[in-house]
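Notes follow once the structure below has been shown.
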Amino acid sequence: MILTINNIKRVVSIFILRPKSNSNEYQIATFKRCTTMPTFPNHWAGISGSLEEKESPLECAVRELGEETNINELFMEYEGDRVEDNNEGSRHELLQSSMKEGLYLDIAKKSSNGAFGGRVIRVYPFALKLQQSTLWSRIEMRGTEHDEMRFMDVHEFLELSPCVPGLQTAFHHATAGFYLRLPNDIKTWANDRVNGAAYLAQHAVSLAAFHTKASLKDSTTTCVAHNKPTAAQSIAMLRPSMVAIVNVMKEFDRRCNAEDEMKQSAVDDIDRIRDELLHSLRTEAGRCVEMGLEAILENFNEWRATSSPSSEFVVGTFSRSSTLKLILERSLQLIDGQSTSQVKVVCSQSTPGGEGEHMASDLLNASWISDESFQQQLQQGRINLVVVGADCILPHGIVNKVGTAQLATICKASKVPILCCTDRWKLWEDEFPPPLEEIFELVSRDALGR
């Protein structure tokens, strides 16, 4: 059964890449849909197909590769020595680990033959790089969907026509914008691994507004020409795990598209949209600060009721967040003004990246220690409360910096309360988690306190 929820049809699109001989560049396998296909006949596409019930995008991608090509068998044949006991499940896990997922994109444009029927098509894009030269010449098509396969250079692919809607943009999503000619300021922003999502989301809004206005003033640089993503789409695909960025970029484009034609006269509208979104981000951060402050004071008062006046209340934190910084600063001010108890903040170093070191320097009367020492102090009862942020809120957990899950497990075992402070811009609206950048992980809701 094809999975369609809330009028959204979910599909995958897989891009198979092979390196060119004596070059660091890649070619893309592109497939021409048969004349008999009910939708988009004679159009170029990647390997694609619809999600079935109880199937994740990654599981669907592996299944479609097996149905439409012989890559599964070739890949497993080459990597067979890495699979224990020739187990089919292990084989699929091995292939899955070689596929990179990009941020999904929604395509709402109705086709000329009415293929969409007013529905939104949600495309989950994947890239599979085949490094083994022995496999390239042995790739074969299967099934009845395609009648031609071609490997082509990236520049040729990006100008290819006719294609299924959104094909080139899905490719950019799958490759995290690697083949886009991005402005230097967006590249610098994307490489920031020190600041948190709230800070980066606000910066993203300003960047999207600046480059969208530039594209209106000079039609030769417009983001939407030649199947290129908009400025906001480009920014979102670069940091897909930071959902506040993804959501605010989607909202930026939605509001821009809701205006009249995006021409020179719309520059003022873009400034207004920018200011409105910045205000919304700051308002939500302020709301989060108030709720976080209330929760910390509640935990402090519970601790003070059973502790001596000379005891020290220690708050631990992990990674770096401008919102957490405000929460902790205000908490320290209020507690210092109301109690004789000493309060201090200890920041876990947060490797890799060392964001905890920066967090400690952001705060007065705070220090950082290694992640190992932080965990030991938790287990020894020398930290009374842990406060973390989140980059994504899911129905059954959060996405946050690598190391958060282990920290939450230790807190639970050591009976140390752990608070997760985050705002509504980080709510993920899809039923499948976002693509995880290397520095992020899923954390179960059961492992968290509040």
Side-chain angles (χ1 to χ4, degrees), residues 196 198 284-350 356 359-360 362-369 371-391 393-398 400-401 403-424 426 443-450:
E284 271 300 302
R287 175 178 172 275
C288 179
V289 168
E290 293 300 324
M291 295 181 67
L293 175 63
E294 180 182 344
I296 288 178
L297 291 177
E298 180 181 324
N299 276 269
F300 171 75
N301 288 328
E302 291 177 0
W303 168 85
R304 185 173 59 174
T306 59
S307 303
S308 65
S310 60
S311 298
E312 185 177 59
F313 185 69
V314 181
V315 180
T317 189
F318 185 74
S319 194
R320 189 188 195 191
S321 163
S322 57
T323 303
L324 286 187
K325 173 181 176 290
L326 292 174
I327 293 172
L328 292 170
E329 283 177 340
R330 289 193 57 189
S331 298
L332 293 175
Q333 291 171 358
L334 283 174
I335 292 173
D336 284 345
Q338 298 176 4
S339 172
T340 59
S341 298
Q342 296 294 313
V343 182
K344 74 172 185 179
V345 175
V346 176
C347 304
S348 187
Q349 186 179 13
S350 310
M359 186 70 170
D362 292 341
L363 293 161
L364 294 175
N365 303 319
S367 60
W368 68 270
I369 57 177
D371 296 335
E372 182 180 3
S373 296
F374 190 89
Q375 293 169 9
Q376 289 174 348
Q377 290 195 18
L378 273 175
Q379 293 167 332
Q380 295 166 358
R382 295 165 59 188
I383 296 176
N384 306 103
L385 174 67
V386 172
V387 184
V388 298
D391 290 283
I393 307 171
L394 300 165
H396 305 295
I398 63 169
N400 204 42
K401 172 73 185 289
T404 305
Q406 183 179 12
L407 194 62
T409 299
I410 294 173
C411 284
K412 191 171 185 178
S414 305
K415 298 183 179 180
V416 176
I418 180 169
L419 301 177
C420 178
C421 300
T422 189
D423 65 73
R424 289 178 292 187
K426 297 174 182 177
V443 184
S444 168
R445 187 167 185 170
D446 293 338
L448 299 169
R450 291 175 59 184

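Within the 3.5 Å criterion, the main-chain N or O of Ile410 finds a donor-acceptor partner in the side chain of Ser414. A donor-acceptor pair is defined here as one N or O able to donate and one able to accept, closer than 3.5 Å; no such pair exists between the side chain of Lys344 and the backbone of Ser367.
Between atom OG of residue Ser373 and atom CH2 of residue Trp368 there is a gap of 9.5 Å, rounded to the nearest 0.5 Å. Taking CG of Leu363 as the start and CE of Met359 as the end, the distance is 5.0 Å to the nearest 0.5 Å. To the nearest 0.5 Å, the span separating CD on Gln375 from CD on Gln406 amounts to 4.5 Å. From Ile296, atom CD1 reaches atom CG of Asn299 across 8.0 Å, with rounding to the nearest 0.5 Å. How far OG1 of Thr317 is from CG of Leu328: 5.5 Å, rounded to the nearest 0.5 Å. Rounding to the nearest 0.5 Å gives a distance of 4.5 Å between OG of Ser331 and CG of Leu293.
For Asn365, the CG atom sits in a loose shell: 12 or fewer heavy atoms of surrounding residues, nucleotides or ligands are nearer than 6.0 Å. In the displayed structure, Glu302 atom CD is contacted under 6.0 Å by more than 12 heavy atoms of other residues, nucleotides or ligands.
Between Leu332 and Leu364, the shortest heavy-atom distance links the atoms CD1-O, 4.3 Å. The shortest non-hydrogen separation linking Asn400 to Ala390 is OD1-CA, 3.4 Å. The two residues Ile398 and Gly389 make their nearest non-hydrogen contact at CD1-O, 4.0 Å. Contact record, Leu324 with Val388: CD1-C, 3.7 Å, taken as the closest heavy-atom pair. Here the closest non-hydrogen pair linking Cys347 and Gly356 is CB-O, 3.5 Å. The nearest pair of heavy atoms linking Cys288 to Cys421 is SG-C, 3.7 Å.
Counting only heavy atoms from C-beta outward, the side chains of Gln349 and Phe374 never approach each other to under 4.5 Å. Counting heavy atoms from C-beta outward, Thr323 and Val289 have side chains that approach closer than 4.5 Å. Between Ile369 and Gln377 the shortest side-chain heavy-atom distance falls below 4.5 Å. Contact annotation: the side chain of Asn384 never approaches that of Phe300 to less than 4.5 Å [non-hydrogen atoms, C-beta and beyond]. Looking at heavy atoms from C-beta onward, Lys426 lies in side-chain contact with Asp423 at the 4.5 angstrom threshold. When side chains are defined from C-beta on, Ile327 does not count as touching Glu329, because their heavy atoms never get closer than 4.5 Å. Contact annotation: the side chain of Asp362 approaches that of Arg320 to within less than 4.5 Å [non-hydrogen atoms, C-beta and beyond]. For the pair Gln376 and Arg382, the minimum side-chain heavy-atom distance is 4.5 Å or more.
In this structure, Trp303 and Phe313 have tilted ring planes: the angle between them lies in the 30° to 60° band.
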- Item | Verdict with reasoning, Arg287 to Glu284, per salt bridge (charged side-chain N to carboxylate O under 4.0 Å, His left out) | CA-CA 5 Å; Arg287 175 178 172 275; Glu284 271 300 302; 3.7 Å; yes

- Query: Ser350 and Lys401: side-chain contact (heavy atoms from CB on, under 4.5 Å), yes or no, with the steps?
  - Reply: CA-CA 8 Å; Ser350 310; Lys401 172 73 185 289; 3.9 Å; yes

- Should Ser348 and Leu407 be marked as a side-chain contact (heavy atoms from CB on, under 4.5 Å) after you check the CA-CA gap, both sets of side-chain angles, and the distance that decides it? CA-CA 10 Å; Ser348 187; Leu407 194 62; 5.5 Å; no

- Message: Could you walk me through whether Phe318 and Asp371 satisfy the side-chain contact (heavy atoms from CB on, under 4.5 Å) test, starting with their C-alpha distance in whole Å, then the side-chain angles of each, then the deciding distance to 0.1 Å, before giving a yes or no?
- Response: CA-CA 9 Å; Phe318 185 74; Asp371 296 335; 4.2 Å; yes

